[in-house]
Structures are given as structure tokens and as C-alpha cells.
Amino acid sequence: MDVLGTIIHGLNLAAIYGLMAIGISILWSSVGMINMAHGATFAISGYAAWIASSAAKPLIAAAFGKTVMAKLAMAGVTVGAGTLAGAVFGAIIYLLAFLPIHDKPNFAVRSLIVTLAINLATVQILLWFFGPRQRGLPKLFGFGKFEILGVPIRYDQAGAILSTAIILGLVLFWLRVSRKGLEIRAMMQNPEGAVLSGISVRWTALPVTMLTGALAGLAAILLSQTIFVSPTAGALPLIKGLTIALLGGLGSVPGAVAGAVVIGFLEATVGALPFLGQRYVLFAQFLFIITVLIIRPRGLGGLLDETRE
């Protein structure tokens, strides 16, 4: 087994899964909602990026030809469309699954059921419009590979790792310094105290759902560099995001980051072992998560067993 190559692959997986898990954790810790439509957001963002890039490709080719500017313009269109679609779909989830029921009893269970229904309906609508055929997105980081210490690293792997680090850094910076970010952090730390301080749950939830939707859109763009876009493409990232969020301690952003790294490396390691391979990846991951939660029910971040009134 190539140890350094496995480490790079694990970091790549951790970067992509981390975007999904962090979005789920932020949404739960701030407004108390588990978004089962996160997978639908992933798929919607992938198709929006595919439509936008397909429409823009002839225009960009006519304007810039086959130059570096053309590649940058195509990458900007793809990322922008996917991120915007994720944010817009997050706002739709806010209107359908949060606004009508956030002040009702058992909101967490109600919102889970509503977002699950949104997820199932969205998948069926995408199947109706686009069919089961898979679509490919433009390669944002190009083709090929380079070497570090003799280890070959693909451009898409390096791009995903660096992009995720930059994106998460910007998100955490925004949460730390902006007024709305401070309000969201207050909701994450003490929802009842934040409400008593005059912070509106209704207006705080909208930027949260849009932010987490945008993160899911970015995850769709990055993961679609190695897989294809399809109506059901968000199912596995949703499962991985939920399990990583649970492993990290549901609601803990640092725990979600730690969980993403652990699960990413576990998947890369199990997949690289010749006597196990990809067939046993999910089995090994769930066995590991169950073991950790039996030993430490709070999860890695220590918030799993905290409940809301």
C-alpha cells in the first residue's frame, strides 16, 4: 500500500465530505434542524452547474478561444452556478421546511420529515426532467498530475484540498467578524439566550440555510470532478455527511472537521488494502462510527447527547 498516496486520497475525501458534514452541523446547532434535503441540494447544484457550463461553453470559446482565460471563465461559471443554485435551494428549504413549522412542537422531527419529503420529490423531478443518464462537469483543475516527494498527486485532488481549506477559512472568518455571523454563533452556543437577547430565529435561519446550501453546492462541484452528476448523486454524500456529523458530535463544527478527516482516511485506507478493497469501505466506516459512539456517546466534539427543549 502506498502510504503517502493513501494520505493524499484521504485528505481529498475529507475535504469533500467535510463540506457536507459542516453544513449539517451548523444547521442543527443554530436552528435545530436536520436537513435531509442536503442530498437534493447536492444534485440540484450539480445540474445547475452542468446547464450553466454547457450554455456558456460556446460563448467562452468564441470570446477567449483555448486560452487560460477561457479555462478560468469556465471554472467561474461552473462554481458560481453550483454555489448560487445551492444557496437558492437552501432558501427554498427555509420557506418550505422551516418557516411554516419552526414554532410548532417537535420541530426537529417535523423538519426531518419535511426535508426528507423534499429530497424524495426533488430526486423524482430530476429523474423526470433529465432521466437517469449521468452528466459530466468541466474539469476545473485540468488533467494530469505532479509529484511531491515522489508521490503523484492529481490536479483535482490538490485543487479540492486547497479549495476546501480556503472556503472553510472564509466561512469561519465570516462567522467570527460579521454581525450576522456573530448572531449565528450566538444561536449555535445558546439558542434560548440568543432569542432573549433580541436575535430573531426566523431571520437568522435564512442565511444559515443559504450558507449550508452553498457549501453543499461547492461539495457537488468538487466531487463531480471525479464522479458524474445524476439525480441520485447526492444520496451517498448525504449519508456520509450525516454519519460524519454524528461522529463529530452533532452540532460541533470542529468535531465535524475531525470526523471528516477520520472517515476520509479510513475510506482511503480500507479501499487501498488488497484483502478488503472498496466493497468493505461502508462496512468499516459504520463499524468504526458505532464503536466510537458506544465508547463516547457524545461524539468527538462532545455535543451529541445535548437535546433542545
Point-to-point distance, once rounded to the nearest 0.5 Å, from [atom1] of [X] to [atom2] of [Y]:
X    : Y    : atom1 : atom2 : answer
I44  : I92  : CD1   : CD1   : 8.0 Å
S111 : W28  : OG    : CH2   : 8.0 Å
T243 : I290 : OG1   : CD1   : 10.5 Å
T232 : L127 : OG1   : CG    : 7.0 Å
I125 : T122 : CD1   : OG1   : 5.5 Å
F89  : L84  : CZ    : CG    : 13.5 Å

Per the salt bridge (charged side-chain N to carboxylate O under 4.0 Å, His left out) rule, what does the pair list look like for [range], sequence neighbours excluded?
range            : value
residues 201-229 : none
residues 28-39   : none
residues 233-254 : K240-E267

Can you name the nearest heavy-atom pair linking [X] to [Y], along with the distance?
X    : Y    : result
L13  : G264 : CD1-O, 3.8 Å
L137 : A49  : CD2-C, 3.8 Å
M20  : F42  : SD-CD1, 3.9 Å

For F98 and F107, take the angle between the two ring planes, folded into 0 to 90°, and tell me which bin it lands in: parallel under 30, tilted 30 to 60, perpendicular over 60. perpendicular
Of the options K180, R185, R179, which is the one that meets L182 in a side chain to side chain contact (heavy atoms under 4.5 Å, CB included)? R185
Contacts of type salt bridge (Lys or Arg N to Asp or Glu O under 4.0 Å), residue R135, not counting sequence neighbours: none
Contact check, side chains of T78 and I221, non-hydrogen atoms, under 4.5 Å: yes
I'd like to check V208 versus M33 (side-chain heavy atoms, cut-off strictly below 4.5 Å). Are they in contact? no
Starting from I60, walk the hydrophobic network (Ile, Leu, Val, Met, Phe, Trp, Tyr; side-chain heavy atoms closer than 4.5 Å) and list everyone else you reach, by chain and number. F64, V68, M69, L72, M74, V77
Does K104, at its NZ atom, have more than 12 non-hydrogen atoms belonging to other residues, nucleotides or ligands within less than 6.0 Å? yes
Across all chains, not counting sequence neighbours, the side chain to side chain donor-acceptor pair (under 3.5 Å) partners of K57 are none
